[in-house]
Amino acid sequence: MSKIEQVAIRFEHVNYSIDGKNILHDITGDVPTGKITTIVGPSGTGKSTLFRLINGLISPNSGKIFVLGKNTEEYDPVSLRKIVALAPQSAPMMDGTVFSNLRLPFELHGKTFDETEANRLLQLVNLDKSLLFHDANRLSGGERQKVSIARTLANRPQILLLDEITSSLDPVSQQEIEQLILSVNKTYKTTILWITHQMDQAIRVGDFTWMMMDGKLAESGKISELQMSDNIRIQQFVKGESK
Ligand SMILES: Nc1ncnc2c1ncn2[C@@H]1O[C@H](COP(=O)(O)OP(=O)(O)OP(=O)(O)O)[C@@H](O)[C@H]1O
């Protein structure tokens with residue numbers, strides 16, 4: 001990958017530590033534009049920390065991260081988060097209706113929001129219009145996750161960070177969310193970075209995969225390439241033999 005426009009996110013020798021504990025070690029790698037890259041690896045290996053670095057919630061101790069060719073340190077946080085949206089596992093909802101939850105990102109960016117826009121977002125995530133004035137905290141897990149995704153799509157981000165968004169869902173909702181994300185990727189050419197604990201999901205949805213181990217980017221490439229890795233731990237992880 002040589003052309004800069006083909007790279008949505010670039011990590012250059014990124015190190016991150018907190019309270020004297022090294023969390024990420026010398027991460028160097030490119031996330032290609034318009035593709036789905038999954039991030040897999042054992043628990044506590046720094047996957048969510050990567051996301052917090054990308055959207056500027058924390059800064060690297062050394063090294064650089066570029067989003068659309070510009071160093072994250074040079075963005076103001078609001079513009080960065082307009083380009084990069086994060087959907088967390090818990091799909092947190094504010095007290096209030098689905099409508100007021102969907103309005104949040106518009107308020108944040110000083111934009112007007114009406115029912116037409118709200119319905120556009122609901123349609124995008126295959127939720128029925130009748131839910132618009134329901135209490136957001138009374139929705140099912142799958143519905144809440146769809147509202148959360150709709151909210152992240154409100155500002156038409158170029159990059160979507162998904163942190164284990166289906167791990168607490170039943171298989172049907174999980175499949176619906178996967179289809180939804182694949183369709184967002186296809187329709188809007190959104191670059192997607194997707195942390196998942198499920199190897200089968202990474203195989204289904206990912207164009208590329210980053211394998212994180214012990215705070216390092218142990219390997220990256222197509223799943224088929226990872227399956228051929230010389231590293232026995234990576235092989236075992238890809239085959240689902242270790243967690
Ligand atoms: N603010 C913090 N203070 C102290 N330690 C932290 C902090 N944030 C993360 N860590 C530690 O950094 C390591 C990596 O955490 P991170 O959440 O990025 O891992 P992960 O790969 O996303 O884990 P999981 O798959 O369990 O969600 C963990 O050991 C965690 O305890």
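Atoms within each ligand, like the ligands themselves, are counted from 1 in listed order. Note that the numbering runs from 1 along the sequence shown for the chain.
Counting only heavy atoms of the protein, atom 17 (O) of ligand 1 lies nearest to Ser48 CB, 3.7 Å. Among all protein heavy atoms, the one lying closest to atom 8 (N) of ligand 1 is Arg52 NH2, 3.3 Å. The shortest contact between atom 26 (O) of ligand 1 and any protein heavy atom is with Ser43 OG, 2.6 Å. Nearest protein heavy-atom contact of atom 18 (O) of ligand 1 is Thr49 OG1, 2.5 Å. Scanning all protein heavy atoms for the shortest distance to atom 19 (O) of ligand 1 gives Gly46 N, 3.2 Å.
Near His197, with a cut-off below 4.0 Å to any heavy atom, the atoms of ligand 1 are 25 (O). Residue Gly44 has at least one heavy-atom neighbour below 4.0 Å for each of these atoms of ligand 1: 13 (C), 14 (C), 19 (O), 20 (P), 21 (O), 23 (O), 24 (P), 25 (O), 26 (O), 28 (C), 29 (O). Atoms of ligand 1 lying under 4.0 Å from any heavy atom of Thr45, numbered from 1 in the order shown and given with element: 19 (O), 20 (P), 21 (O).
Listed by chain and residue number, nothing satisfies the ring pair (Phe, Tyr, Trp, His ring centres under 6.0 Å) test with Tyr188 (two or more places apart in sequence, or in another chain). For Trp194, there are no ring pair (Phe, Tyr, Trp, His ring centres under 6.0 Å) partners, not counting sequence neighbours.
Side-chain atoms of Glu73 and Ser59 form a donor-acceptor pair, as typed in the model, at a separation below 3.5 Å. With hydrogens and angles left out, the side-chain atoms of Thr190 and Asn185 include no donor and acceptor closer than 3.5 Å. Defined by atom type and a distance below 3.5 Å, a donor-acceptor pair is present between the side-chain atoms of Thr196 and Gln201. Between the side chains of Gln89 and Ser167, at least one donor-acceptor pair of N or O atoms lies under 3.5 Å.
Considering backbone and side-chain N/O of Ile23, none are found under 3.5 Å from N/O of ligand 1. Every N/O-N/O distance between Asp19 and ligand 1 stays at or above 3.5 Å. An N or O contact shorter than 3.5 Å is missing between Ile18 and ligand 1 by distance.
The side chain to side chain contact (heavy atoms under 4.5 Å, CB included) test with Val184 is passed by exactly one of Leu153, Ile36, Ile149, Val125: Leu153.
Counting only non-hydrogen atoms, the option in Glu164, Lys21, Lys47 that gets closest to atom 27 (O) of ligand 1 is Glu164.
In this structure, Thr112 and Phe106 have side chains that are not in contact, with every pair of non-hydrogen atoms separated by 4.5 Å or more.
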